[in-house]
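Basis for what follows: all heavy atoms, side chains included, without hydrogens, waters or symmetry-related copies. Each chain gets a letter, A, B and so on, in the order its sequence line appears, and its residues count up from 1. Every value quoted in this text rests on a predicted model; they were computed, and no experiment measured them.
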2 protein chains.
Amino acid sequence: MQASHKQRQRPRGEALQEKVLQTALELFSERGYFNTSLQDIRKAADVSIGAIYHHFKNKEELAKSLYVNLLLRMETDIQQILVRETNCQQRYREIVRFLFQMALDEPKTMQFILSAKHQEYLPDEPPICSSRPFRLMRQVLEEGMQNGEVRQMEAWVATTALFAGALRMMILHLDGVLEAPLADYLEETLACGWRAVHV
Amino acid sequence: MQASHKQRQRPRGEALQEKVLQTALELFSERGYFNTSLQDIRKAADVSIGAIYHHFKNKEELAKSLYVNLLLRMETDIQQILVRETNCQQRYREIVRFLFQMALDEPKTMQFILSAKHQEYLPDEPPICSSRPFRLMRQVLEEGMQNGEVRQMEAWVATTALFAGALRMMILHLDGVLEAPLADYLEETLACGWRAVHV
DNA sequence: GTCTATACGAGGATAGAC
DNA sequence: GTCTATCCTCGTATAGAC
């Protein structure tokens, strides 16, 4: 149960664990994993080192927990889109719309997912393009080719042709390179991807 | 015995500096900057710590020297393509062909350029998408729109639509995700990018 | 469950001989 | 220019009290 006076009371138990995760996400995506010490997290989250180590085996496990949770969340969200939408173009549009929205609502989360080099500190995790959400995107294309919406081509080529532009636009946005709000680029980006693959 | 043979003549002077750079490139792209200590470089290059510090101010400067040199090389190579080719489609094809070739010839170099998080250890360097080679790609699109080869749209959208797929394919290749040789995907990748933006 | 204090090692960087 | 030896900071992780 959440305390109404969050400023006064330090978080404990479940809330503390959540606070640590949230703080770690922010610091990792701002400065990177290696530039963030547990002391930094401790200070920013206003907890003790001992508390962190009570909830997480070590720094790597903390990052891993963050990573798999976020990927899982993304996967289920995309999965829901695939249930709701049945044709390839609509699936594509909804997935990209969802990703853009997420980049706006939770830039830190998106940054962490998109541009962190997870393999450098999570050696056991597969590369991000082999992760479940990305496999779902590939699946969208495979089905699109089967039902004739998408022209026949190698599945990876099709997947990158359709989604890579949108992903790159999000990175540009998060890096502060774009001048206009991200949403302003949505429709043109969507159109480009579709022109690349549709039959 | 092989070791003692190699050991015979250690590099010195200019050659030593070059050896350090080459070794650093390999280790940085294999394990990442933070997972590579100067001791690792020292051992792999078979030189002393003192020698490294004589040629480079510190670890960060070593990485920076590597980074700007590689970007500069890439820039001049692309610049030459722009001189040789005058229309947008040919420029695009030649640039991607060049990048794919580079990914095959010098995978370590490409890995270092493409997927390293330079901003985490080179805080003063601009994001890679603002670097000179990337600006050249954007310029290709802007000129393509002016002379009517490319449909009118926002320049960043056009640039990512044209090049992001190829870049992503190289990353997939370097991550070992692709089954076939990279070259097998070249033509389809090129076609997808062009369909996305041509008028 | 949470805290403080501390052990411990790693790695960046320097000093000074040759 | 290159070497070895060493310093010293910093960050992870543990121990043990409450």
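Distances were taken from every side-chain heavy atom of B:S37 (C-beta onward) to each of C:dC3, D:dT14, C:dG11; the shortest belongs to C:dG11. Side-chain proximity of B:K59 to C:dG12, D:dT2, D:dA13: nearest is C:dG12. Checking D:dA13, C:dC3, D:dC3 against every side-chain atom of A:L38, the shortest atom distance belongs to D:dA13. With distances taken from any side-chain atom of B:R10 to the nucleotides D:dC3, C:dT2, C:dA13, the minimum falls on D:dC3.
B:N69 places no side-chain N or O within 3.5 Å of a backbone atom of B:L66 that could act as its donor or acceptor partner.
At whole-Å resolution of the value, CD1 in A:I49 and C1' in C:dA7 are 14 Å apart. Between A:Y53 atom OH and D:dA15 atom P the separation is 12 Å, expressed in whole Å. The separation between B:I52 atom CD1 and D:dC3 atom P is 9 Å, rounded to whole Å. Spacing between atom CG of B:D46 and atom C1' of D:dT2 amounts to 12 Å, rounded to whole angstrom units. Counting to the nearest Å, the C1' atom of D:dT2 and the CD atom of B:Q17 are 14 Å from each other. The separation between B:L27 atom CG and C:dG11 atom C1' is 15 Å, rounded to whole Å. Spacing between atom NZ of A:K43 and atom C1' of D:dC10 amounts to 11 Å, rounded to whole angstrom units.
Residue B:H54 places none of its side-chain N or O atoms closer than 4.0 Å to OP1 or OP2 of D:dC3.
Shown are A:L62, A:V47, A:L21, A:L16; of these, the side chain to side chain contact (heavy atoms under 4.5 Å, CB included) with A:H55 is made only by A:L16.
Residue B:S48 is in base contact, counting any heavy-atom pair closer than 4.0 Å across all strands shown.
The side-chain tip of B:K59 points at the ring of B:Y33 from less than 6.0 angstrom away and within 45° of straight on.
Annotation: of the two residues near DNA chain D, A:G50 and A:Q39, the 5′-most nearest-nucleotide partner is A:Q39.
Contact between A:Y92 and A:G193 at its shortest, heavy atoms only, is OH-CA, 3.4 Å.
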